[in-house]
Amino acid sequence: MENLGINLSQYQDNTPLAGEGGASESQIVDLAKALEAGEITGRETTNSTTASGSPLKVESLDRTLKMITFRESDIVLWKKVPKLAAYNTVEEYNQLDSYGGDRGGFITEGELPVEEDSTYIRRAQLVKFMGVTKSVTHPMTLVNTMVGDVITREAKNGTLWLMRKLDRSLTQGNSRLIPQEFNGLYAQHQDNDSYATPVDYYNSRAVVDLRGASLKEKDVETAAESIVEAFGQGNELFAPPKVLSDFAKNFYGNKFINPNTDQVSAGIMGQKVKSFESQFGTIGLNYDIFMNPKPTANTATGATSPNAPLAPTAGVTPAAPVASDASGKWASTDAGDYFFAVAAQNRFGQSALTVLGSVISVPTGGAADLQFTATAGPNVATSFIIYRSNKGASVAANATFYPVFEVSVADLATGYNGAAATKVRDRNHIMPGTYQAFLIQNDEEVHAFRQLAPLMKMDLAMISTAFRFMVLLYGTPLLFAPKKMVRFINIGVAA
């Protein structure tokens with residue numbers, strides 16, 4: 001029972017207090033005069049004459065910087081993408097699309113075979129420029145800190161800030177929406193010669209639409225088979241954490257527990273699914289938190305940047321149901337009452353929401369047409385984010401708005417996805433509150449990131465008593481073989 005606490009024999013003065021043996025009045029006065037540590041820090045006692053012993057305290061600050069934001073290990077997709085050097089601001093590549101038509105081949109004796117021409121396609125992507133500026137005052141470099149060299153710390157912080165933006169843009173970047181962005185994998189996957197319209201793309205074998213169901217083995221198998229049919233082999237799946245968590249839960253009910261194993265004996269339960277064995281090979285499973293969808297919003301959500309555009313202006317017919325649309329995907333479970341809203345965006349950020357009229361009822365087999373215009377202001381909008389409320393919302397101010405798709409200024413002018421000019425149509429191709437993921441043949445034959453220069457730190461001229469520098473990266477992803485990638489859309493949450 002030793003060392004469990006301090007016992008009475010360890011006190012030097014065991015004189016009882018008043019009422020416990022009759023301490024004198026003077027002893028009680030002396031006790032009242034004892035210095036108190038109190039519950040305030042030393043800096044809060046400046047010029048105070050009643051703070052007792054608090055001015056003498058040395059502050060106790062943990063010497064380790066606690067990370068409450070993302071870490072380098074959270075950046076997954078960027079680390080796994082093949083990297084290649086770029087040598088121009090326009091990166092071109094050639095595709096061998098066909099060896100010739102799959103016809104004929106057999107000839108009679110002595111005959112000249114039919115000629116077949118191979119098909120080559122030249123494609124290109126523009127190198128885009130990313131960067132962030134950091135600043136540290138000269139006095140800050142002179143004081144003692146818990147992080148050591150402050151400039152080095154800020155250079156690392158700037159690098160991680162840039163990596164977050166880069167990692168997210170690898171899937172979500174789209175130069176049609178934000179001209180300064182590069183085209184991410186999803187944009188390059190959709191915007192090619194194979195698909196004339198969004199309907200063609202979403203109905204193709206390059207997309208697996210789960211319509212609100214969680215990702216399961218059969219879905220991954222379907223995607224793997226699609227890539228094999230395109231003469232590839234999917235070997236890496238990338239998804240948001242929730243998607244892979246739900247994927248692992250599919251196996252819980254089917255897991256047989258052998259009590260005579262070291263894991264069970266140690267009390268370790270659960271199952272980590274690291275890979276998936278498809279009929280065509282092993283597929284690695286990777287989660288990346290920066291593949292999560294954009295956050296929800298409400299009518300009180302403000303602009304994300306002072307340089308963002310002004311909120312759009314609702315049109316003459318802000319939101320109207322379409323009775324029938326053969327290319328739409330509004331099932332009976334989706335039909336109902338909704339509010340629609342829109343936010344304008346540019347490279348700096350997005351505006352507050354503009355609710356498009358009142359609640360409308362979208363029928364089964366129908367769609368919704370939305371009309372709005374950009375609001376003139378000092379910061380020009382380059383694209384718009386379409387939001388849809390939770391089903392059954394009756395008051396816009398109480399609704400949760402989910403981002404469902406984005407359109408460019410040009411899309412709005414000409415009419416998007418079956419809508420007339422100056423309107424866009426929501427055909428429910430992308431469902432609110434769902435996730436996306438993709439399976440790819442992860443090698444240089446299929447995709448790579450071309451860098452014009454390594455990630456760099458560039459010092460700026462000193463025009464004040466502060467050290468300012470930029471963290472920069474120049475490059476663009478290239479999806480050489482879009483058919484060797486399959487995109488999962490509308491992934492729901494497991495019950």
Side-chain angles (χ1 to χ4, degrees), residues 70-71 73-81 164 166-173 184-187 189-190 201-202 204-227 234-255 270-278 280-296 329 333-334 388 390 400 402-406 428-442 447 479 484-495:
F70 69 93
R71 300 160 298 176
S73 58
D74 293 319
I75 300 170
V76 177
L77 177 56
W78 165 247
K79 293 180 180 179
K80 290 229 173 184
V81 172
R164 174 181 61 186
L166 173 62
D167 195 64
R168 181 178 289 124
S169 298
L170 285 174
T171 52
Q172 299 181 11
L185 293 176
Y186 290 163
H189 195 239
Q190 179 175 354
Y201 174 68
Y202 289 119
S204 72
R205 297 193 63 185
V207 176
V208 176
D209 190 348
L210 275 66
R211 304 310 299 169
S214 61
L215 185 69
K216 295 183 174 61
E217 294 171 272
K218 62 182 180 62
D219 306 311
V220 180
E221 187 69 31
T222 297
E225 189 268 335
S226 294
I227 293 177
N235 56 8
E236 296 281 357
L237 186 144
F238 296 90
K242 180 61 179 174
V243 171
L244 287 192
S245 178
D246 286 348
F247 183 76
K249 291 175 185 176
N250 293 326
F251 303 100
Y252 285 0
N254 300 323
K255 183 179 180 181
Q271 184 171 5
K272 181 178 180 180
V273 183
K274 298 180 180 179
S275 60
F276 173 76
E277 286 292 337
S278 76
F280 312 103
T282 303
I283 297 172
L285 304 178
N286 308 275
Y287 69 88
D288 191 317
I289 195 169
F290 299 115
M291 289 180 64
N292 279 329
K294 290 184 176 181
T296 59
K329 294 191 175 182
T333 53
D334 304 317
R388 192 195 309 169
N390 52 297
T400 299
Y402 298 85
V404 283
F405 62 94
E406 300 176 49
N428 202 32
H429 288 145
I430 300 297
M431 301 170 65
T434 58
Y435 297 85
Q436 300 192 37
F438 69 94
L439 174 65
I440 195 170
Q441 179 179 315
N442 191 45
H447 75 133
L479 183 58
K484 296 180 183 180
M485 167 182 161
V486 170
R487 180 179 174 187
F488 301 92
I489 63 171
N490 297 320
I491 305 171
V493 176

Glu236 side chain to Asn286 side chain, donor-acceptor N/O pair below 3.5 angstrom =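 There is such a pair (donor and acceptor under 3.5 Å, judged by atom type) between the side chains of Glu236 and Asn286.
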query = Asn235 and Asn442: side-chain donor and acceptor closer than 3.5 Å?
reply =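 The answer is no; no qualifying pair exists.
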With the side chain counted from C-beta on, respond yes when [X] and [Y] share a heavy-atom pair under 4.5 Å apart, and no when they do not.
{"X": "Ser214", "Y": "Asn250", "value": "yes"}
{"X": "Ile489", "Y": "Val208", "value": "no"}
{"X": "His429", "Y": "Lys329", "value": "yes"}
{"X": "Gln190", "Y": "Val207", "value": "no"}
{"X": "Pro403", "Y": "Ile430", "value": "no"}
{"X": "Leu237", "Y": "Phe488", "value": "yes"}

Rounded distance [0.5 Å steps], [atom1] in [X] versus [atom2] in [Y]:
{"X": "Arg388", "Y": "Thr296", "atom1": "CZ", "atom2": "OG1", "answer": "14.5 Å"}
{"X": "Met431", "Y": "Asp209", "atom1": "CE", "atom2": "CG", "answer": "8.0 Å"}
{"X": "Phe280", "Y": "Ser226", "atom1": "CZ", "atom2": "OG", "answer": "9.0 Å"}
{"X": "Leu215", "Y": "Leu210", "atom1": "CG", "atom2": "CG", "answer": "6.0 Å"}
{"X": "Leu77", "Y": "Leu170", "atom1": "CG", "atom2": "CG", "answer": "5.0 Å"}
{"X": "Thr434", "Y": "Lys242", "atom1": "OG1", "atom2": "NZ", "answer": "14.0 Å"}

Provide the closest heavy-atom pair for [X] versus [Y] in the form atom of the first, atom of the second, distance.
{"X": "Pro432", "Y": "Tyr402", "value": "CB-CB, 3.5 Å"}
{"X": "Gly492", "Y": "Asp246", "value": "O-OD2, 3.9 Å"}
{"X": "Gly234", "Y": "Ile283", "value": "O-CG1, 3.5 Å"}
{"X": "Val486", "Y": "Ile227", "value": "CG2-CG1, 3.7 Å"}
{"X": "Pro240", "Y": "Gln436", "value": "CD-O, 3.1 Å"}
{"X": "Ala187", "Y": "Gly173", "value": "CB-O, 3.6 Å"}

message = Whether Asp219 and Lys216 form a salt bridge (side-chain N of Lys/Arg under 4.0 Å from carboxylate O of Asp/Glu) is what I want to check.
response =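 Answer for the salt bridge query: no.
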inquiry  = Between Arg205 and Glu225 (salt bridge meaning N to carboxylate O under 4.0 Å), is one present in this structure?
reply    =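 Salt bridge: yes.
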task = Identify which one of Tyr202, Tyr201, Phe438 satisfies the ring-ring contact (aromatic ring centres under 6.0 Å, His included) criterion when paired with His189.
result = Tyr201
task = Would you please test Leu185 and Arg487 for side-chain contact (heavy atoms from CB on, under 4.5 Å) and show each step?
result = CA-CA 10 Å; Leu185 293 176; Arg487 180 179 174 187; over 6 Å; no
request  = List in chain and number order the residues that pass ring pair (Phe, Tyr, Trp, His ring centres under 6.0 Å) with His447, two or more places apart in sequence or in another chain; answer none if no residue qualifies.
outcome  = none
inquiry  = For Ile75 and Phe290: C-alpha separation, side-chain torsions, deciding distance, then whether side-chain contact (heavy atoms from CB on, under 4.5 Å) applies.
reply    = CA-CA 8 Å; Ile75 300 170; Phe290 299 115; 3.9 Å; yes
message = As a quick check of understanding, evaluate side-chain contact (heavy atoms from CB on, under 4.5 Å) for Asp74 and Asp167, giving each step before the final call.
response = CA-CA 10 Å; Asp74 293 319; Asp167 195 64; over 6 Å; no
